[in-house]
Amino acid sequence: AENEGGVVLPESMLMEKRKHEELLKQLEARKRARSIAVPTNDNLVKRRLRELKEPITLFGEKAPGRRDRLKAILTRLAVEGTDLPALSNEKEEKDIKPLTEKAFLTEGTEELKEERIFLIRLSKNKTKKKKKKK
């Protein structure tokens with residue numbers, strides 16, 4: 001038993017007090033988690049994870065999971081009292097364009113073109129044969 005303001009408390013009351021304090025910490029963490037702003041743009045989420053020196057993608061992770069992981073990391077850091085690096089300003093965020101906006105094409109060789117045409121014709125012929133069987 002400890003001395004609490006001149007009053008000696010039994011061990012069971014001290015255990016209950018510690019449990020209560022832990023519950024209050026958890027509630028505070030949940031409250032902070034709801035108030036933490038996390039970007040919805042996947043490129044921004046990746047950049048924020050990179051700023052925090054965290055892996056930008058875990059195996060099999062999709063954009064919503066990545067966003068949830070970022071939120072959990074930010075919440076943990078806030079609960080620990082760690083100063084979070086400042087977020088990039090909005091102008092920079094607007095300048096970030098998704099990678100899929102720009103088409104990426106390369107000129108193929110004539111041999112590659114002929115092989116692709118051959119495969120297309122082969123595929124068409126097989127499809128016609130399957131339809132005739134039905």
Side-chain angles (χ1 to χ4, degrees):
E2 289 182 20
N3 191 344
E4 180 94 12
V7 179
V8 177
L9 298 175
E11 191 65 33
S12 61
M13 285 186 78
L14 291 173
M15 294 281 287
E16 288 299 319
K17 183 179 176 188
R18 288 184 197 123
K19 285 181 185 178
H20 181 71
E21 289 171 354
E22 185 62 33
L23 283 173
L24 288 176
K25 283 182 186 178
Q26 288 176 4
L27 288 173
E28 182 64 28
R30 289 181 190 155
K31 184 178 174 183
R32 284 186 186 177
R34 285 189 299 269
S35 68
I36 291 177
V38 180
T40 54
N41 179 317
D42 191 43
N43 290 329
L44 294 176
V45 170
K46 288 178 183 177
R47 189 165 91 192
R48 189 73 171 127
L49 285 166
R50 191 172 288 126
E51 289 171 359
L52 295 169
K53 296 180 176 40
E54 293 286 336
I56 60 170
T57 302
L58 299 177
F59 181 76
E61 186 177 52
K62 303 257 189 285
R66 195 171 12 259
R67 185 173 186 274
D68 291 343
R69 184 166 56 90
L70 174 60
K71 189 167 192 163
I73 291 167
L74 292 174
T75 301
R76 179 179 45 81
L77 292 174
V79 169
E80 291 172 355
T82 306
D83 289 333
L84 301 175
L87 289 170
S88 308
N89 66 32
E90 287 184 32
K91 183 182 182 296
E92 288 179 12
E93 291 177 4
K94 289 178 184 174
D95 291 342
I96 295 176
K97 297 194 175 29
L99 298 173
T100 56
E101 279 187 19
K102 201 177 207 181
F104 178 76
L105 302 172
T106 57
E107 197 69 31
T109 64
E110 190 61 34
E111 183 182 354
L112 178 62
K113 181 179 175 183
E114 290 172 9
E115 286 296 320
R116 288 182 174 168
I117 291 171
F118 170 77
L119 290 173
I120 289 170
R121 288 183 179 146
L122 182 67
S123 178
K124 281 184 176 180
N125 290 337
K126 285 185 177 183
T127 304
K128 285 180 185 177
K129 288 179 183 178
K130 283 183 182 179
K131 285 184 178 180
K132 285 182 182 178
K133 285 183 180 180
K134 289 182 180 182

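Only this structure's heavy atoms are used, side chains among them; waters, hydrogens and symmetry mates stay out.
- Of all the heavy atoms in Ile56 and Lys46, the pair that sits closest is CG2-O, 3.3 Å.
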Under 3.5 Å, which donor-acceptor pairs link side chains of residues 117-124 to any protein atom two or more places apart or in another chain?
none

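- Cluster note: Phe59 groups with no other residue, as no ILVMFWY side-chain heavy atom lies under 4.5 Å from it.
- Considering only heavy atoms from C-beta on, Val38 stays 4.5 Å or farther from Asp68 through its side chain.
- Side-chain contact between Thr57 and Leu49 is absent, with no heavy atoms from C-beta onward closer than 4.5 Å.
- Between Val45 and Pro39 the shortest heavy-atom distance is CG2-O, 3.2 Å.
- Listed for the Glu21 side chain is no donor-acceptor partner under 3.5 Å among the backbone atoms of Arg18.
- A salt bridge links Glu51 with Arg48; the closest basic N to acidic carboxylate O contact falls under 4.0 Å.
- Under the 4.5 Å side-chain criterion, counting only non-hydrogen atoms from C-beta, Lys132 is not in contact with Lys129.
- Between Ala37 and Leu74, the closest heavy-atom pair is O-CD1, 4.4 Å.
- Scanning for salt bridge (Lys or Arg N to Asp or Glu O under 4.0 Å) contacts around Glu115 gives an empty result, with sequence neighbours left out.
- Note that the CG atom of Asn41 and the CZ atom of Arg67 stand 11.0 Å from one another [nearest 0.5 Å].
- Taking both residues in full, the closest heavy atoms of Asp42 and Ala63 are given as OD1-CB, 3.6 Å, listed atom of the first, atom of the second, then distance.
- A distance of 10.5 Å separates CG of Leu70 from CZ of Arg66, quoted to the nearest 0.5 Å.
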